[in-house]
Amino acid sequence: MNILGPDELVFGVDDVEACCQYLTDYGLLPVKKNANGGRFEGLDGTAIVIKHRDDDSLPAALPTGSMLRETVYGVADQNTLDAIEAELSKDRNVGKDASGKLATVDDSGFTLGFQVSCRKPFEGKNEQVNSPGFEALRGPNQIGADTAYDIVPASLSHVVYFVPDGKKAEAFYIDRLGFKVVDRFTQLGPFLRPAGTLDHHTLFLIETPAHMQGCEHFTFHLAGPNELLLAGKRFQDKGYESFWGPGRHIFGSNYFWYFNSPMGVHVEYDADMDLHDDSWEPREAMASADASQIFNFTLAANWMPGGDPH
């Protein structure tokens, strides 16, 4: 199954205005925004869609009331879409709308969509780092600290689910959709990637009690650690509450910074994720703070040295 990753996440929320403002301040580009919600895109067209929780077009909510109502995966081509329809139609209803997008439900009750991907080419940024002993990537008189630096998140990276039955959830994505385990936290869950990407993970499953079922967080890729730190600082300066970070994970190696949100989930910035192919041997570690991050900082207010120079 040539699934590339999540194209969009659809939320049914209580406070449409607050969620739309949050995603705009996060850096996504508002598309078709109105009083009833909107679509907020990264540079490649992947998106978060906001609607009011009572919108009739939304799929049914999970029993827990999770605000995530649908995860839409992008696939490489129509042949992949046809293969997914044939496979999942063996034991569940698979709907199809006028555009050809498929709609169904996974074995844990999460609503899934599948479509030929909306992802489009874009001009990204490549952070130019000068490293001693190597040719300078940023030459003489090219300034690295740019206070006017414009940041738009590049691409929807991954989503994390709380699931009541980890083995059942994992088996669905591996056996039915061809996802592969890249790494695993013992007694917590697997990091999974579909066949159409080398990203360390596009889905992480965390086993929890049934009353917690839902989405824990989602994130968009940024150009690199400098962009992540600058975006997170600006976001916090706008009054949004930091939850975890900035720091760097061990599994995936991605830099991270998580924030609380009005969508009932955490929202992360990430950058510099590892890539893996089918030759990779999955690692496993007992879930712990030491296994989760190689470092983690707490942002402080701006500071500079001072005092009497004499």
Side-chain angles (χ1 to χ4, degrees), residues 5-9 11 17-33 38-50 118-130 137-139 142-160 197 199-200 202 217-249 252-263 265-275 293 295-302:
D7 264 9
E8 64 185 49
L9 303 176
F11 286 84
E17 182 179 359
C19 293
C20 290
Q21 187 62 54
Y22 180 96
L23 293 170
T24 302
D25 289 340
Y26 175 80
L28 297 178
L29 302 173
V31 178
K32 301 178 183 177
K33 181 182 174 184
R39 178 182 177 87
F40 300 84
E41 294 186 353
L43 291 173
D44 70 345
T46 55
I48 305 300
V49 175
I50 296 295
C118 68
R119 295 169 188 240
K120 59 189 179 184
F122 65 95
E123 185 175 349
K125 299 186 181 79
N126 185 12
E127 294 196 351
Q128 303 295 302
V129 177
N130 290 339
L137 298 181
R138 197 177 65 254
Q142 296 181 32
I143 305 303
D146 181 359
T147 57
Y149 190 86
D150 184 43
I151 300 173
V152 178
S155 180
L156 182 55
S157 167
H158 62 266
V159 62
V160 177
T197 182
D199 274 4
H200 178 269
T202 65
H217 76 264
F218 68 81
T219 179
F220 279 72
H221 287 315
L222 296 184
N226 175 72
E227 188 167 282
L228 180 145
L229 292 170
L230 186 55
K233 174 66 166 57
R234 290 174 177 175
F235 202 42
Q236 180 159 286
D237 286 349
K238 291 177 180 176
Y240 296 105
E241 185 178 13
S242 175
F243 170 71
W244 183 19
R248 190 171 197 180
H249 287 307
S253 297
N254 45 301
Y255 291 85
F256 66 82
W257 200 341
Y258 298 79
F259 288 82
N260 295 332
S261 86
M263 291 168 283
V265 300
H266 295 120
V267 178
E268 179 190 5
Y269 292 111
D270 86 2
D272 194 20
M273 178 178 279
D274 289 335
L275 304 179
Q293 60 242 303
F295 57 76
N296 180 25
F297 300 126
T298 300
L299 182 68
N302 290 339

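What's counted below: heavy atoms across the whole structure, side chains too, no hydrogens, waters or symmetry copies. Here the structure is a predicted model, which is why all the values come from computation and not from measurement.
- The main-chain N or O of Gly247 is never found under 3.5 Å from a side-chain atom of Asn296 such that the two would form a donor-acceptor pair.
- Note: Arg234 CZ to Asp237 CG = 9.5 Å, rounded to the nearest 0.5 Å.
- Minimum interatomic distance between Asn302 and Lys233 (heavy atoms only, all atoms of both residues): OD1-CE, 3.6 Å.
- Legend: residues meeting ring-ring contact (aromatic ring centres under 6.0 Å, His included) with Phe259, ordered by chain and number and at least two apart, are Phe235, Trp257.
- Glu268 approaches Tyr255 most closely through the heavy-atom pair OE2-O, 4.3 Å.
- Put simply, NZ on Lys33 and CD1 on Ile50 are 11.0 Å apart, with the number rounded to the nearest 0.5 Å.
- Rounding to the nearest 0.5 Å gives a distance of 6.5 Å between CG of Leu156 and CZ of Arg119.
- Residues meeting the salt bridge (Lys or Arg N to Asp or Glu O under 4.0 Å) test with Asp274, sequence neighbours left out: none.
- Considering only heavy atoms from C-beta on, Asp272 stays 4.5 Å or farther from Ser253 through its side chain.
- For the pair Gln128 (side chain) and Asn126 (backbone), a donor-acceptor distance under 3.5 Å is present.
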Apply side chain to side chain contact (heavy atoms under 4.5 Å, CB included) to residues Leu9 and Val49 and explain how you reach the verdict.
CA-CA 6 Å; Leu9 303 176; Val49 175; over 6 Å; no
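- A side chain to side chain contact (heavy atoms under 4.5 Å, CB included) with Leu28 is found for exactly one of Thr46, Ile48, Leu43, namely Ile48.
- Across Gly38 and Cys20, no two heavy atoms sit closer than the pair N-SG, 4.4 Å.
- Side-chain contact between Tyr22 and Val267 is present, with heavy atoms from C-beta onward closer than 4.5 Å.
- Here the two rings, on Tyr26 and Tyr269, have centers that are under 6.0 Å apart.
- At a threshold of 4.5 Å between non-hydrogen side-chain atoms, the residues Met263 and Leu23 count as touching.
- Atom-to-atom distance recorded for Leu228:CG and Asn254:CG is 9.5 Å, nearest 0.5 angstrom.
- Among His200, His221, Met273, the one residue that satisfies the side chain to side chain contact (heavy atoms under 4.5 Å, CB included) test with His158 is Met273.
- The nearest pair of heavy atoms linking Leu230 to Asp146 is CD2-O, 4.2 Å.
- The heavy-atom pair separating Ser242 from Gly245 by the smallest distance is OG-O, 3.7 Å.
- For His266 and Phe243, the distance between ring centers is under 6.0 angstrom.
- Taking the centre of each ring, Phe40 and Phe220 stay at or above the 6.0 Å mark.
- Atom OG in Ser155 sits 10.5 Å away from atom CG in Leu222 (nearest 0.5 Å).
- The salt bridge (Lys or Arg N to Asp or Glu O under 4.0 Å) check on Arg39 picks up Glu8, Glu41, with sequence neighbours excluded.
- The environment of CD in Glu241 is sparse: at most 12 heavy-atom neighbours from other residues, nucleotides or ligands sit within 6.0 Å.
- Using modelled atom types, one finds no donor on one side chain facing an acceptor on the other under 3.5 Å when comparing Asp270 with His249.
- Nearest heavy atoms, Ala223 versus Glu227: N-OE2, 3.0 Å.
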